[in-house]
Colleague: 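One structure is given below, represented as C-alpha cells, and several questions about it will come after.
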Protein chains: 2
Amino acid sequence: MIEKFTNDKVSEILKSAGLRLTDARVGVLSVLAESEGALSQEQIAEKLADIAPNKTTIYRVLESLVRKGIVHKAFTRERSVYFELGDNCSEKQCHPHFTCTSCDRTVCLTDVEVPLAGIGEKGFEIHHQKVEIQGLCPGCSVEG
Amino acid sequence: MIEKFTNDKVSEILKSAGLRLTDARVGVLSVLAESEGALSQEQIAEKLADIAPNKTTIYRVLESLVRKGIVHKAFTRERSVYFELGDNCSEKQCHPHFTCTSCDRTVCLTDVEVPLAGIGEKGFEIHHQKVEIQGLCPGCSVEG
DNA sequence: ATTTTGTTGCAACTGAGTTGCATTGTTGAT
DNA sequence: ATCAACAATGCAACTCAGTTGCAACAAAAT
Ligand SMILES: [Mn+2]
Ligand SMILES: [Mn+2]
Ligand SMILES: [Zn+2]
Ligand SMILES: [Zn+2]
C-alpha cells in the first residue's frame, strides 16, 4: 500500500497545527491519510484495532482535526458522518462525491470541478460548496 | 399566507400517485406546500398541532411521499433530515441550499443553476446532483 | 522534577429515527 | 349502505450514532 503520508509527515502536520502528538491522534490521521475514500468513526476504529481507542476518543480526535481544517466532514450516509483529509479540496469547494445507487459505493471525484454557484451579486459570500451526486457508477451502468 | 396548493390540489396529487387520502398525509403535504423552506419531522409536527399525528406516522407519510417523488430529502442538519416538495427541482438536480454560518439559517436557492459534473464520459450516469453551500447570507455579510 | 494543560476511558445519557403489533380508516366492489 | 381487503395509524419499546461529565492520565513547557 502506498502511504500518502509518512509517520513523520503526520507528526509534522499535527505539531504545526498546535495539536499534541497522541497515539489516537496519530493513528486516526494516519488511517485517513492511507484511505482511498472517506471513513466513518466505526471504520476508523476497525483499522485502529492495535491502538483500540475508545469511540469517544476517536470522535474527539476527529473534532480537533476538523477544527484545524486538516480533516473534513465529507458527507452523511445512513445517519453516519464520513470523514476524510481536507487536502483534495480547493479553497472554497471540496471535491464531489458520487454514490452509486446500485452497488452502494461512494467514490471521491478528486479531479472533477463544478463551478461555484453564481450568488455573489445577491450578497451571499460562499465559504464552502459541497456537491453530492447519486447515480450509476461505470461498473453498474452496463451498456452494450 | 399564499397557499401554494389548494386542498383540492393536494388531494389530486395524492390520488394520482395512488396514495390514500388520510388526514396525516393531506396535513403533511399541505404543510410542506405552504412552507418557504425544508422542514424536519419535528417542525412538521409543530405545524400539525390540530391533527397531532404520531411522529411514527409523520415519518411513514414522508417515506411514502419520498417514494413517489412528491417530496425530497433536501439535506441533513444536526442529525435531522429536512424534507421539501420536489417541485422546485429540475430532472437531474435539486436547487442548491445555502446555510449561513452566522445566523444559522438555510435558504433555498430555487432560481440558481449549477452545471452537472462532467463525468459522463467516465461512465458515470448522474441521476441526481445535490449542492450544499456554507457561508454568509446577505444579511450577515455586512459590508460598508 | 514539577506544573500546566490537553487527552483519554468509561459509563451513562441523548434523541432522531425504526420496528412489531394490535387497532382503525380508506377504498372499491357488491 | 354494507362489506371485505388492505393500507395507515398509535403506541411502546427499541436502535444506535454521537455526546457529556468526570476522574485518571499523558504531553509539553518550565
Ligand atoms: Mn472524498
Ligand atoms: Mn429547498
Ligand atoms: Zn455501482
Ligand atoms: Zn446569515
Side-chain angles (χ1 to χ4, degrees), chain A residues 7-8 10-31 38-68 70-84 106, chain B residues 7-8 10-31 38-46 48-68 70-83 106:
Chain A
N7 259 26
D8 284 356
V10 165
S11 301
E12 188 194 313
I13 290 173
L14 293 177
K15 275 176 128 171
S16 65
L19 293 174
R20 290 191 180 177
L21 285 178
T22 65
D23 290 351
R25 194 125 59 195
V26 172
V28 168
L29 185 51
S30 299
V31 163
L39 300 173
S40 65
Q41 181 277 323
E42 199 178 4
Q43 292 174 318
I44 294 169
E46 283 169 16
K47 304 197 180 227
L48 284 179
D50 48 338
I51 306 175
N54 189 275
K55 75 169 177 175
T56 307
T57 302
I58 297 180
Y59 280 120
R60 289 197 272 228
V61 162
L62 287 168
E63 191 194 351
S64 70
L65 295 173
V66 167
R67 235 186 351 246
K68 295 294 182 182
I70 301 165
V71 166
H72 287 182
K73 293 184 181 183
F75 53 88
T76 302
R77 257 183 81 187
E78 313 280 331
R79 304 188 59 67
S80 293
V81 176
Y82 286 74
F83 300 86
E84 68 182 354
T106 298
Chain B
N7 259 26
D8 283 357
V10 165
S11 301
E12 187 193 313
I13 290 172
L14 293 177
K15 276 177 127 175
S16 65
L19 293 173
R20 289 190 181 179
L21 285 178
T22 65
D23 290 351
R25 195 124 60 195
V26 172
V28 168
L29 185 51
S30 299
V31 162
L39 299 173
S40 65
Q41 181 278 322
E42 199 177 3
Q43 293 174 317
I44 294 170
E46 284 170 13
L48 284 180
D50 48 338
I51 305 177
N54 190 273
K55 75 168 175 175
T56 307
T57 302
I58 297 180
Y59 280 120
R60 288 197 273 228
V61 161
L62 287 168
E63 191 195 350
S64 71
L65 295 173
V66 167
R67 236 187 350 248
K68 295 295 182 180
I70 301 166
V71 166
H72 287 182
K73 293 184 182 184
F75 53 87
T76 302
R77 257 183 80 188
E78 315 280 332
R79 305 189 58 66
S80 293
V81 177
Y82 286 74
F83 299 86
T106 297

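Proteins come first, then strands; the chains are lettered A, B, ... in the order of their sequence lines, and each starts at number 1.
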Colleague: Heavy-atom nearest nucleotide on DNA chain D for A/Thr56 versus B/Val61: which residue maps closer to 5'?
Modeller: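 Whichever sits nearer the 5' end wins; that is B/Val61.
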Colleague: Compare every heavy atom of B/Gln43 with every heavy atom of B/Ala38, then report the nearest pair and how far apart it is.
Modeller: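 Looks like O-OE1, 3.9 Å.
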Colleague: How long is the gap from CG on A/Asn7 to CG on A/Leu29, to the nearest 0.5 Å?
Modeller: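 Taking CG in A/Asn7 and CG in A/Leu29, the distance rounds to 10.0 Å.
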Colleague: Verify, without hydrogens or angle tests, whether A/Lys47 (side chain) and A/Val31 (backbone) share a donor-acceptor contact under 3.5 angstrom.
Modeller: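 Between the backbone of A/Val31 and the side chain of A/Lys47 there is no qualifying donor-acceptor contact (under 3.5 Å).
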Colleague: CG of B/Asn54 versus C1' of C/dG17: gap in Å, rounded?
Modeller: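 After rounding, the reported distance stands at 12 Å.
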Colleague: Which heavy-atom pair separates B/Ser30 from B/Val10 by the least distance, and what is that distance?
Modeller: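 So the minimum-distance heavy-atom pair works out to OG-CG2, 3.8 Å.
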Colleague: Working to the nearest 0.5 angstrom, can you tell me the gap between B/Leu19 CG and B/Ile13 CD1?
Modeller: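 The distance works out to 11.0 Å.
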Colleague: Give me the first and last nucleotide of DNA chain D, going 5' to 3', that has any atom under 4.0 Å from a heavy atom of chain B.
Modeller: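 First and last nucleotides in contact are D/dC6 to D/dG18.
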Colleague: Enumerate donor-acceptor pairs with a distance under 3.5 Å from any side-chain N or O in residues 50-63 of chain B to protein atoms, sequence neighbours excluded.
Modeller:
unit_1: B/Asn54; atom_1: OD1; unit_2: B/Thr56; atom_2: N; d: 2.9
unit_1: B/Asn54; atom_1: OD1; unit_2: B/Thr56; atom_2: OG1; d: 3.0

Colleague: Got a sec? Which of residues 11-24 of chain A come in under 4.0 Å of DNA chain D, heavy atoms?
Modeller: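 Contacts with DNA chain D under 4.0 Å: A/Arg20, A/Leu21.
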Colleague: Could you work out, with side chain to side chain contact (heavy atoms under 4.5 Å, CB included) as the rule, every residue matching B/Val81, not counting sequence neighbours?
Modeller: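 Once residues adjacent in sequence are excluded, the partners of B/Val81 under the side chain to side chain contact (heavy atoms under 4.5 Å, CB included) criterion are B/Lys73, B/Thr76, B/Phe83.
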Colleague: Taking for each residue the nucleotide of DNA chain C with the nearest heavy atom, is it A/Ile58 or B/Arg60 whose nucleotide lies nearer the 5' end?
Modeller: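 Residue closer to the 5' terminus by nearest nucleotide: A/Ile58.
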Colleague: Contacts to DNA chain C from residues 70-81 of chain B, heavy-atom cutoff under 4.0 Å, which residues?
Modeller: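 Correct list: B/Arg79, B/Ser80, B/Val81.
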Colleague: In Å, rounded to the nearest 0.5 Å, how long is the span from CG of A/Leu39 to CD of A/Glu46?
Modeller: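 With rounding to 0.5 Å, CG (A/Leu39) is 9.5 Å from CD (A/Glu46).
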Colleague: Hey, could you give me each pair passing side chain to side chain donor-acceptor pair (under 3.5 Å) that has a residue in residues 10-26 of chain B? Not counting sequence neighbours.
Modeller: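 Every side chain to side chain donor-acceptor pair (under 3.5 Å) pair that includes a residue of residues 10-26 of chain B, provided the two are not neighbours, is B/Arg25-B/Ser64.
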